[in-house]
Amino acid sequence: MSTITSEIKFLVELDENRVPEKLTWTAQDGGVQLEEAKAMLLSVWDGKAQETLRIDLWTKEMPVDEMKLFFHQTLVAMADTFQRATQDETMADTMRDFCDYFAEKLELTK
């Protein structure tokens, strides 16, 4: 049985102080080739240590208002993923309630 692999690449251009200036990503299976992004959040589960490893990056050009929208949309997506992964609709709905509260407090429009 042969294995299929798929690669996702992130390229980070840094300034002299090692602050991200440009983020690009490629996912050939998804038809993405060196697309620019202003921010990224990556979480990886370490099963041995039973902990989450993270990479959180954003460029100097990422405006605060866009960061707020990025976080809101990420939280909503996490609630959806949580429901698909656990089938726990009650907790997913609770997470979505928090997302609504978050959007309200930040005065985000849907």
Rounded to the nearest 0.5 Å, what's the gap from [atom1] on [X] to [atom2] on [Y]? Could you check?
X: Phe10; Y: Ile55; atom1: CZ; atom2: CD1; result: 8.0 Å
X: Gln33; Y: Thr26; atom1: CD; atom2: OG1; result: 4.5 Å
X: Lys60; Y: Glu21; atom1: NZ; atom2: CD; result: 4.0 Å

Is it the case that the side chain of [X] and the backbone of [Y] share a donor-acceptor pair, with hydrogens and angles ignored and the cut-off at 3.5 Å?
X: Ser43; Y: Arg54; result: no
X: Gln87; Y: Arg84; result: yes
X: Asp15; Y: Asn17; result: yes
X: Gln50; Y: Gly47; result: yes

Honestly curious: do [X] and [Y] fall in one hydrophobic cluster under the side-chain, below-4.5 Å linking rule?
X: Leu57; Y: Val44; value: yes
X: Met62; Y: Leu106; value: yes
X: Met67; Y: Leu69; value: yes
X: Val32; Y: Leu11; value: no
X: Met78; Y: Leu42; value: no

Heavy atoms only: give me the nearest [X]-[Y] pair and the separation to one decimal.
X: Leu23; Y: Trp58; value: CD1-CA, 4.5 Å
X: Ala92; Y: Ala79; value: CB-O, 3.7 Å
X: Lys38; Y: Pro63; value: NZ-CD, 4.1 Å

Connecting only ILVMFWY residues whose side-chain heavy atoms lie within less than 4.5 Å of each other, what is the rest of Met1's hydrophobic cluster?
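Besides Met1, the cluster holds no residue at all.
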Evaluate Gln83 against Arg96 for side chain to side chain contact (heavy atoms under 4.5 Å, CB included), listing each step before the verdict.
CA-CA 11 Å; Gln83 183 173 349; Arg96 288 185 192 99; 2.7 Å; yes
With a 4.5 Å heavy-atom cut-off, do Trp25 and Met40 have their side chains touching?
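No, every pair of side-chain atoms sits at 4.5 Å or beyond.
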If you define the side chain from C-beta out and look only at heavy atoms, does anything of Glu7 sit under 4.5 Å from Gln28?
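With C-beta onward as the side chain, the pair stays apart.
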Mark yes when over 12 heavy atoms from residues, nucleotides or ligands other than Glu35 sit less than 6.0 Å from its CD; otherwise mark no.
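Yes, the 6.0 Å shell around CD holds more than 12 heavy atoms from other groups.
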Answer yes or no: is there an ion pair linking Asp65 with Lys68, defined by an N-O contact shorter than 4.0 Å?
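Judged by the 4.0 Å cut-off on N to carboxylate O distance, Asp65 and Lys68 do not form a salt bridge.
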